[in-house]
Amino acid sequence: MAITAIKGFNDILPNESGRWQHIEQAARRVFELNGFSEIRVPIMEKTELFCRSIGDATDIVEKEMYTFIDKGDNSITLRPEGTAGVMRAFIEHKLHAQDPVSKLYYLGPMFRYERPQKGRYRQFHQIGAEVTGVNDPLVDAQVLNMLCAFFREIGLDEPSLQINSLGCPECRPAYRAALLKFLEGRLDQLCEDCRRRFTTNPLRTLDCKAAGCAEATQGAPSMLDNLCGGCGQHFDSVRCYLDSIKTPYKINPRMVRGLDYYTRTTFELVTGLLGSQSAVAAGGRYDGLISQLGGPSIPGIGFAIGVERVALLLGQQDFSRRPDLFIATMGAAERAGAFVLLTELQNLGVRVEMDYEGKSLKSQMRRADKLKTRYSVVLGGNELESGRALFKRMEDGLQIESVLTADAINEIVCPD
RNA sequence: GUGGCUAUGGUGAAGCGGUCAACACUUACGACUGUGACUCGUACAUUCGAGGGUUCAAAUCCCUCUAGCCACCCCA
């Protein structure tokens, strides 16, 4: 039995890599337009970093991390998300000392030990962006708009933006207490999972899919009604800024995030097209994270896009590039000549293909057709002698005669 | 971690106990000894996820394992 890939680890084959490049290039374009720079950080970190940032009691840390002991007896973890590593680098290299505002983006694989299913894999990819050093809700709005702009750029307008505020260490505890009090009286109406959530993560009962729970929590207190003055104002301003640039959004007071570090603004881009995985991108503000990791007291906000989920939404669009020209040859001498021509044309930026092993003209032409090349040319004794050849436009069969120089061919094949 | 479903060639699949494992696509070569797409021909699974068992006979029935998918939990 041949060796296969690890469960939940996927190969991105040539027929889909074009789609991935399309997604990545769009992100780079949009993010750089917004003044973001790429940061590349390792895919492994000391385990402690994730425990301290994501939260010891979260599912990610408790049961989903790829953690192992290396030969130096250190506990190492494959990153389950990107923000922690980026913030570690930010603090370690004191980026805040060079510029009070930093706008960073990253992309790459993340790892979580979960049962794979549609849109969820053990190795998956995220494209993320982070802004540090700005408290103002203006930047929340810019980040949200940038996220939406990315989706417009790749031609997806289906996902809708939902926003919420989780409050801050000032107001969240009080809200949590109020919610617990509310739920306490209705424990018997909640599903089994929610009774467990009551102790582990009471906010989660608010977005439970069970009909009984939805009904029981109907009149539950809303975080948005319990924000402190600062958080309330912040949220209102975010909405105001979003309205001013006509970025559509929906307020979802029941939206909950899975990482402990979020404060104030949180958001998700959701879709109904991915089975049970509705979030294609999500993020939020994390004003306490940097100091919690031992850095200065600097606020931050960011998001991550699930690349596999985006790729799934893009569907089967063809992103492959067509060659400009296929050179068919009639013999060994012609093949040698074609090879020289091919390299000359490549130097001019023309995408050229040719036959490598002396196949019949028939099969060379078939290959040209299969590659969807735009033009083809046959080089035989006649052409070599006269220095001229017929260039055939494949879509309609029109033949154009030209001298066999790279410049002249370039004119025909790539006119602009 | 829990549950459901499925496993036949490069791909999509027929086959439901009995001669060479249908068909389609893909691929290769040819019909056309210098021109693709349409058409036609030829070739391409000693073998049906793996291992056991039942039977004179198993891709077809039974058991075990493995893998994949989908869902739950949770999440991008």
Side-chain angles (χ1 to χ4, degrees), chain A residues 1-8 10 13 15 54 57-64 79-83 107-128 147 159 191-194 196-197 200-201 204 207-210 255-259 267-271 274-284 302-313 326-331 334 355 357 359-384 389-397 399:
Chain A
M1 194 59 178
I3 296 172
T4 57
I6 304 168
K7 181 202 270 286
N10 299 125
L13 300 175
N15 62 338
I54 297 167
T58 58
D59 274 31
I60 293 179
V61 171
E62 263 184 2
K63 49 184 216 196
E64 296 174 1
R79 62 181 185 191
E81 58 101 39
T83 303
L107 77 204
M110 307 294 161
F111 306 86
R112 290 185 201 171
Y113 193 90
E114 304 179 86
R115 276 293 266 279
Q117 64 187 78
K118 189 184 181 73
R120 165 193 289 174
Y121 310 98
R122 289 187 173 179
Q123 175 177 353
F124 61 103
H125 296 75
Q126 290 188 333
I127 302 175
L147 180 58
C191 71
E192 200 181 314
D193 282 328
C194 281
R196 177 177 50 76
R197 288 175 183 129
T200 58
N201 191 352
R204 280 253 168 256
D207 68 350
C208 181
K209 286 155 199 148
M255 190 178 80
V256 185
R257 310 272 46 252
L259 290 71
F267 50 91
E268 280 184 3
L269 233 61
V270 300
T271 174
L274 287 180
S276 65
Q277 264 61 247
S278 58
V280 287
F303 62 75
I305 299 163
V307 181
E308 282 80 359
R309 293 182 183 180
V310 173
L312 242 28
L313 287 178
F326 188 97
I327 306 176
T329 54
M330 300 299 298
E334 288 82 354
D355 166 62
E357 40 194 357
K359 301 227 168 171
S360 70
L361 184 62
K362 174 82 169 177
S363 61
Q364 293 186 57
M365 289 305 291
R366 274 186 179 157
R367 181 161 172 75
D369 185 62
K370 180 163 195 305
L371 292 172
K372 296 190 171 59
T373 177
R374 296 174 45 245
Y375 284 84
S376 68
V377 64
V378 178
L379 296 190
N382 302 343
E383 286 79 9
L384 237 48
L390 288 172
F391 289 79
K392 182 173 186 174
R393 198 204 280 160
M394 296 298 272
E395 66 181 66
D396 59 6
Q399 307 224 67

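In what follows, every heavy atom counts, from backbone to side chain, and hydrogens, waters and symmetry copies are set aside. Not measured: the values here are computed from a predicted model. Residue numbers begin at 1 in each chain, while the letters A, B, ... track the order of the sequences.
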Suppose we screen for salt bridge (Lys or Arg N to Asp or Glu O under 4.0 Å). Which residues come up paired with [X], at least two apart in sequence or across chains?
X	answer
R196(A)	D193(A)
R122(A)	none
E64(A)	none

Check the interface with nucleotides 10-13 of chain B: list each N/O to N/O pair with the protein under 3.5 Å, or write none.
none

Under the side-chain hydrogen bond (donor to acceptor under 3.5 Å, both in side chains) test, residues paired with [X] that sit two or more places apart:
X	answer
R367(A)	none
R257(A)	E268(A)
Q123(A)	none
K359(A)	none

From [options], nucleotide with atom closest to [X] side chain:
X	options	answer
R120(A)	G36(B), A76(B), C70(B)	A76(B)
Q117(A)	C73(B), A76(B), U35(B)	C73(B)
R115(A)	U35(B), C72(B), C74(B)	C72(B)

May I ask you to say what [X] touches in the nucleic acid, namely base, sugar-phosphate or nothing, with a heavy-atom cut-off under 4.0 Å?
X	result
A279(A)	sugar-phosphate
E395(A)	base
K359(A)	sugar-phosphate
R257(A)	sugar-phosphate
L269(A)	nothing
G128(A)	nothing
G119(A)	base

Each nucleotide N or O in nucleotides 30-34 of chain B that has a protein N or O under 3.5 Å away: list the pair and distance.
unit_1 : atom_1 : unit_2  : atom_2 : d
G30(B) : OP2    : S360(A) : OG     : 2.9
G30(B) : O6     : R366(A) : NH2    : 3.0
A31(B) : N6     : K362(A) : NZ     : 3.4
G34(B) : O6     : N382(A) : N      : 3.1
G34(B) : O6     : N382(A) : OD1    : 3.2
G34(B) : O6     : N382(A) : ND2    : 2.7
G34(B) : N1     : E383(A) : OE1    : 2.8
G34(B) : N1     : E383(A) : OE2    : 3.1
G34(B) : N2     : E383(A) : OE2    : 2.6

Show each protein N/O and nucleotides 64-68 of chain B N/O combination with a separation under 3.5 Å, one pair to a line.
unit_1 : atom_1 : unit_2 : atom_2 : d
G68(B) : OP2    : K7(A)  : NZ     : 3.0

Results of ring pair (Phe, Tyr, Trp, His ring centres under 6.0 Å) for F326(A) - residues two or more places apart only: none
Expressed as a whole number of Å, how far does the C1' atom of U46(B) sit from that of A21(B)?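 The answer is 11 Å between these two C1' atoms.
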With pairs taken as Watson-Crick or G-U wobble and both distances under 3.5 angstrom, which stems of at least three consecutive pairs involve RNA chain B?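 So far as stems of 3 or more pairs are concerned, RNA chain B shows B:1-7 with B:66-72, B:10-12 with B:23-25, B:27-31 with B:39-43, B:49-53 with B:61-65.
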5' precedence on RNA chain B between V280(A) and K63(A) (nearest-nucleotide basis):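 First, find each residue's nearest nucleotide; the 5'-ward one identifies K63(A).
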